[in-house]
Number of protein chains: 4
Amino acid sequence: MAAKKREKRDPQQRKADILGAAFALFAERGFAATRMEDVAIRAGIAKGTVYLHFPDKEALFIELVSGIASPILSQIDGLVQNEAIPPRLAVSIFYALFRREVLETERRHLLRLVLAEGPMFPGVTEFYHREIISKGLGVLRILLHRAARRGELRNPAVAEMPQLVIAPALMSIIWSTLFERYEHLDTQKLFDTFLDTLFLPERAAQ
Amino acid sequence: MAAKKREKRDPQQRKADILGAAFALFAERGFAATRMEDVAIRAGIAKGTVYLHFPDKEALFIELVSGIASPILSQIDGLVQNEAIPPRLAVSIFYALFRREVLETERRHLLRLVLAEGPMFPGVTEFYHREIISKGLGVLRILLHRAARRGELRNPAVAEMPQLVIAPALMSIIWSTLFERYEHLDTQKLFDTFLDTLFLPERAAQ
Amino acid sequence: MAAKKREKRDPQQRKADILGAAFALFAERGFAATRMEDVAIRAGIAKGTVYLHFPDKEALFIELVSGIASPILSQIDGLVQNEAIPPRLAVSIFYALFRREVLETERRHLLRLVLAEGPMFPGVTEFYHREIISKGLGVLRILLHRAARRGELRNPAVAEMPQLVIAPALMSIIWSTLFERYEHLDTQKLFDTFLDTLFLPERAAQ
Amino acid sequence: MAAKKREKRDPQQRKADILGAAFALFAERGFAATRMEDVAIRAGIAKGTVYLHFPDKEALFIELVSGIASPILSQIDGLVQNEAIPPRLAVSIFYALFRREVLETERRHLLRLVLAEGPMFPGVTEFYHREIISKGLGVLRILLHRAARRGELRNPAVAEMPQLVIAPALMSIIWSTLFERYEHLDTQKLFDTFLDTLFLPERAAQ
DNA sequence: GATGAATGAGCCTTCATTCAT
DNA sequence: AATGAATGAAGGCTCATTCAT
């Protein structure tokens with residue numbers, strides 16, 4: 001078998017390996033039930049090596065949870081810029097993005113992790129509110145107001161409650177990570193149905 | 001000479017005390033970070049006494065999480081029975097019930113607890129799906145279909161996606177337990193706006 | 001063999017056992033090299049039990065080091081009170097006390113411990129200076145001044161350097177704990193010779 | 001383009017650097033609390049490099065503690081050789097040497113180090129007794145006997161207790177490393193007073 | 001020789017659980 | 001039944017030492 005001792009590797013890669021291992025374990029068992037040694041084993045390194053990259057368990061958790069969100073955000077920003085994109089399309093792209101980048105990825109467990117461990121790590125929660133929630137809501141608010149102005153919303157008041165648009169996404173995350181094994185939820189249909197509830201049907205030829 | 005030791009009490013009451021203490025602590029800190037001794041202290045009894053009522057920490061947690069939901073369920077059932085109640089009113093009562101019995105109670109932490117610890121306790125998750133989610137969705141499905149039949153829904157397809165109705169409730173729970181401290185969310189308005197989105201306005205001049 | 005499990009005992013006795021075990025081990029190996037588990041084993045209890053009596057290793061060490069000095073102090077105080085005792089006799093009693101209570105006891109290791117670990121525990125050092133050194137020097141200063149006034153000192157200036165009287169005691173401690181095994185030192189003779197150097201011989205019949 | 005890595009240097013110098021760094025750290029924190037990595041950093045080299053010069057931490061400590069004493073010894077030896085030097089002057093030179101070479105140097109921590117770690121390193125203690133203590137006492141014994149023969153001692157019996165002469169030196173070391181911060185001790189005066197107690201004043205009119 | 005990432009034994013401390021009283 | 005002192009398995013973290021580069 002492969003000699004596995006003292007394998008030196010690119011530190012960046014090493015760190016990524018650890019984060020990967022930590023992610024899998026934290027997602028599966030939560031913060032407290034994850035042993036640092038297990039993280040090390042899963043990353044294929046020795047116990048002590050983890051501590052060369054992260055000062056302690058909490059730092060590992062926080063870096064993990066904080067680090068994964070950014071790639072999503074950057075993509076969302078693009079949605080508002082282009083005013084040519086019809087609001088409904090933009091929101092549907094938002095959902096599609098969410099499905100592709102979160103729901104159908106292992107990242108979906110990450111969100112559950114934040115929900116689960118949030119109160120124990122106020123810094124993480126605050127980060128998520130500031131960086132993800134707040135920005136996501138901002139984008140949605142703009143899109144919804146644009147739609148309202150264009151008379152495309154069934155209920156224009158929704159524009160002041162962008163949380164309503166996020167709610168199905170949250171539901172899909174929770175369902176997929178907790179209940180999916182007991183009962184399937186068609187998230188595509190979930191989002192589509194919601195879009196149809198939110199937006200007036202396009203009047204064929206107006 | 002105050003005899004304070006070996007205070008005997010109704011075992012049922014004793015058990016309820018323990019569950020109450022456990023609830024407060026589990027809700028606040030999660031399963032792992034809650035110490036059995038703290039539960040005992042909060043319940044006003046000695047460490048060992050907890051074990052006279054529950055075989056171990058896990059059993060305590062499971063009984064706790066399983067036991068708290070039922071009172072809500074029974075009230076919800078009533079909503080469907082009476083066909084005289086208009087669907088929109090029924091759903092709004094559903095939300096009101098949710099707000100009064102969950103959101104504005106310490107019980108709101110319960111759902112977060114299930115989210116947080118769910119994967120570690122598949123039995124709990126399964127129980128929640130079977131007893132709460134499934135039944136709640138069933139009730140909502142009936143109400144929505146009734147509304148659809150009466151032509152009160154903006155988008156009748158919603159009747160097949162009762163999860164959409166639960167989504168705002170979920171959002172309100174998560175918001176209140178995680179983000180409320182950073183940004184206030186008016187849950188009353190959240191639900192009302194959603195109801196207005198879901199249901200057609202009552203035809204003023206019918 | 002004796003069943004040793006779950007032996008309950010007077011907490012005061014328990015604590016004394018732990019302090020005794022800790023004393024032996026700290027004295028022998030120093031703070032860092034003493035394992036808490038060894039303390040427990042030597043005290044005949046389980047690892048965790050130590051922590052029922054002391055919050056951590058440092059607290060154990062500090063209580064140990066701080067607790068043993070007082071009995072000596074009280075006896076010394078008596079020496080100055082009685083002005084009928086001739087100064088030379090008083091100082092020789094001081095040395096005798098020191099030999100009986102420290103040098104020929106296991107307590108002699110304690111002093112070495114303070115010298116050894118002092119810099120790591122400023123609180124302990126400060127305590128020793130304030131409670132032991134300072135008071136001892138005060139007593140000696142009074143005795144020496146009394147002797148000087150009575151013309152019994154070979155060099156009256158010694159009265160302003162009571163540290164000189166403590167020096168042989170320190171030497172005896174260090175010798176006995178470090179070098180005695182290589183070369184014997186007659187501490188009785190050490191102190192007597194010093195006394196003869198300090199005090200003029202009693203003029204037989206003057 | 002500054003080539004700073006793999007700086008080669010005279011191995012002897014390298015070793016001296018390590019010993020210097022080790023001394024500073026051992027003296028300040030003791031054996032256990034000194035990390036090999038800190039020694040390396042302070043010596044300006046990499047962690048592994050220390051092990052090219054010393055097989056392990058203990059060897060480094062022993063060589064350090066053993067090596068520092070010799071320079072003092074050689075100077076002391078000279079004191080006895082020259083019989084023209086009056087004993088009192090010789091002893092006062094001994095103290096002066098001690099002050100200059102030990103007390104006012106970082107070397108003063110060395111003795112405390114031997115005290116502190118002695119029992120863990122019997123070899124070191126034995127070495128100190130054999131090389132330093134024994135020799136120092138030998139020299140003092142000769143000087144004191146010389147003085148006794150010349151009738152210069154207040155108490156000739158002191159000649160058989162040279163430890164008494166070392167005692168104030170010990171006291172000064174311990175005071176300076178432990179208590180100086182709480183209360184100043186004038187070591188010059190300490191030694192002078194002791195000399196005046198040991199030796200008869202020079203007979204002005206003989 | 002020199003480096004410093006990697007290793008893993010070791011130790012402090014916590015806490016669920018037990019059981020003598 | 002109730003108590004809480006006692007137990008000991010478990011886990012986070014450190015650091016002396018090794019070794020691939």
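With hydrogens and angles ignored, a donor-acceptor pair under 3.5 angstrom links the side chain of A:Lys47 to the base of E:dG10.
Distance CG (C:Asp17) to C1' (F:dA5): 14 Å, rounded to an integer number of Å. If you take CD of B:Glu37 and P of F:dT3, they are 13 Å apart, rounded to a whole angstrom. B:Ile41 places its CD1 atom 17 Å from the P atom of F:dA2, with the value rounded to the nearest Å. In this entry the distance linking CD of A:Gln13 with P of E:dA5 reads 16 Å, nearest Å. When the P atom of E:dT14 is taken as reference, atom NZ of B:Lys57 falls 15 Å away, rounded to whole Å. The distance from atom CG of D:Asp38 to atom P of F:dT17 is 15 Å, rounded to the nearest whole Å. Summarising the geometry, the separation between CG on A:Asp56 and P on F:dG11 is reported as 17 Å, rounded to the nearest angstrom. Between the CD1 atom of C:Ile45 and the C1' atom of F:dG8 there is a distance of 13 Å, given to the nearest Å.
Ring centroids of B:Phe61 and B:Phe54 are separated by 6.0 Å or more, keeping the two rings apart.
You'll find that the side chain of D:Arg35 is closest to F:dA16, out of F:dG8, F:dA2, F:dA16. With F:dC13, E:dT17, E:dC12 as the choices, the nucleotide that has an atom nearest any side-chain atom of A:Tyr51 turns out to be F:dC13.
Residue C:Val50 is the one, among C:Val50 and A:Glu58, whose nearest nucleotide of DNA chain F lies closer to the 5' end (criterion: closest heavy atom). In terms of position on DNA chain F, the residue among D:Met36 and C:Leu52 whose nearest nucleotide sits closer to the 5' end is C:Leu52. Heavy-atom nearest nucleotides on DNA chain E were determined for B:Gly48 and for C:Thr34, and the one closer to the 5' end corresponds to C:Thr34. Toward the 5' end of DNA chain E, the nearer of the two residues B:Phe31 and A:Ala46, judged by each one's closest nucleotide, is A:Ala46.
F:dA1 makes up no base pair with any nucleotide shown, lacking Watson-Crick or G-U wobble contacts both under 3.5 Å. Pairing partner, F:dC13: E:dG10, with both Watson-Crick or wobble hydrogen-bond distances short of 3.5 Å.
Contact annotation: B:Arg14 does not reach the phosphate of F:dA1 (side-chain N/O to OP1 or OP2, under 4.0 Å). Using a 4.0 Å cut-off, no side-chain N or O of C:Thr49 falls inside it from OP1 or OP2 of F:dA5. In this structure, C:His53 reaches the F:dA6 phosphate: one of its side-chain N or O atoms is under 4.0 Å from OP1 or OP2.
A donor-acceptor pair is defined here as one N or O able to donate and one able to accept, closer than 3.5 Å; no such pair exists between the side chain of D:Arg112 and the backbone of D:Thr177. Proximity of a side-chain donor or acceptor of C:Arg29 to a complementary backbone N or O of C:Phe26 within less than 3.5 Å is not detected. Remark: the backbone N or O of A:Ile45 is not paired with any side-chain donor or acceptor of A:Thr49 at under 3.5 angstrom.
To the nearest 0.5 Å, atom CZ of residue C:Arg42 and atom OG1 of residue C:Thr34 are 10.0 Å apart.
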